[in-house]
Amino acid sequence: MSDAALTLALSKGRIFDETLPLLRAAGMEITEDPDKSRKLILNTSRDDVRVVLVRASDVPTYVQYGGADLGVTGLDTLIEHGSQGLYQPLDLKIARCRMSVAVRSDFDYAAMVKQGARLKVATKYTTIARDFFASKGVHVDMVKLYGSMELAPLTGLADAIVDLVSTGNTLKANHLVEVERIMDISSRLVVNQASLKMKQAQIRPIIDAFAKALADKRGMERYGFALPMDEAAAKVLIDFGGRQWLVWNAHFKRERIGDVPT
Ligand code: AMP
């Protein structure tokens, strides 16, 4: 690897999977499967680019302090971390979800807020939650948790949680209901500001290729939306714009089912 090697920080899971098509658009493939080895540094098809696998919440830290030149991180993580030293050129529109307030289905959240009651809120996202309730003028006692937030209202630890919601299935399975939508969340490309200056020639084309891929939705227009995504047991394709598409193999007999836009 050359001295001017670029390091990209990714976290395993949705962000990793949904970043792959963008890397491909920028002319790069990750040549190793992270699920088949315990390696934390992965090679790519470009000699001058490598990928480091870090915890999602550590991506901004790696990029801020130069452990990585670039990274992909959720807006939630970015807000909680703070964006000091990080250049954020692109909303990649991947790993989309929302940050919401949820309560037990038998908890009258609206009445409590109206009465000016003090709420106990459990969350991993204390900055987002504190800012949100402050903007509403609601007094809260914050309980910091690191996972399984849905348990907090069920065990009496808190009245409400602030957490990421995608399909809503996790809330539903735990008899919780979403009562406020705080913000839409998606992943951002973050770049170390010093790297951007020192490695312009390598970084700029990557940003440009990502931006071009995001703007290019050609080829996806012909697919129709047939089932709600949260009820479908089929493969999901994510296009470069971050939209989800249902992909299935259907063997229609002779009957005409309906019109598919072409
Ligand atoms: P769902 O059941 O689809 O609403 O997903 C909710 C669960 O997945 C919660 O535990 C969330 O913390 C987590 N989750 C949903 N979307 C994301 C995301 N984009 N990034 C990280 N965690 C997520």
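Both ligands and their constituent atoms are indexed starting at 1 by order of listing. Source: prediction; values computed, not measured.
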For ligand 1, does [X] get within less than 4.0 Å through its side chain, its backbone, both, or neither, judged by non-hydrogen atoms?
| X | value |
| --- | --- |
| C97 | side chain |
| R14 | side chain |
| D163 | side chain |

Fill in: Heavy-atom side-chain contact between F132 and V140 under 4.5 Å
no

Worksheet entry | Any side-chain heavy-atom pair of S83 and Q88 under 4.5 Å | yes

Worksheet item: If you measure from the Lys or Arg side-chain nitrogens to the Asp or Glu carboxylate oxygens, is any gap between D91 and R188 under 4.0 Å?
Response: yes

Fill in: Cationic N near anionic O, under 4.0 Å, K36 to D33
yes

Fill in: Pick from L164, I161, N174: the one approaching atom 13 (C) of ligand 1 most closely through a non-hydrogen atom
L164

Please indicate whether any nitrogen or oxygen in [X] is less than 3.5 Å from any nitrogen or oxygen in ligand 1.
| X | value |
| --- | --- |
| A95 | yes |
| T170 | yes |
| G168 | yes |

Worksheet item: Under 6.0 Å from the OH atom of Y62, do we count more than 12 heavy atoms belonging to anything else shown?
Response: no

Atoms of ligand 1 close to [X] [distance to a heavy atom under 4.0 angstrom, numbered from 1]:
| X | value |
| --- | --- |
| T167 | 1 (P), 2 (O), 3 (O), 4 (O) |
| N169 | 2 (O), 4 (O) |
| V165 | 4 (O) |

Discussion item. For atom 15 (C) of ligand 1, what is the closest protein heavy atom, and at what distance to 0.1 Å?
Written reply: S166 CB, 3.8 Å

Practice prompt. Please report the shortest heavy-atom distance between Y146 and K124, naming the atom on each side.
Written response: O-CD, 3.7 Å

Item to complete: Could you tell me whether the side chains of R50 and T7 share a donor-acceptor contact shorter than 3.5 Å?
Response: yes

Worksheet item: Measuring from the heavy atoms of E150, does anything fall under 4.0 Å of ligand 1?
Response: yes

Worksheet item: Does E178 use its side chain to pair, donor to acceptor, with the backbone of V101 at less than 3.5 Å?
Response: no

Worksheet item: Do side-chain atoms of D48 reach the backbone of A5 as a donor and acceptor pair under 3.5 angstrom?
Response: no

Worksheet item: Is atom 8 (O) of ligand 1 in close reach of the protein, with a heavy atom under 4.0 Å away?
Response: no

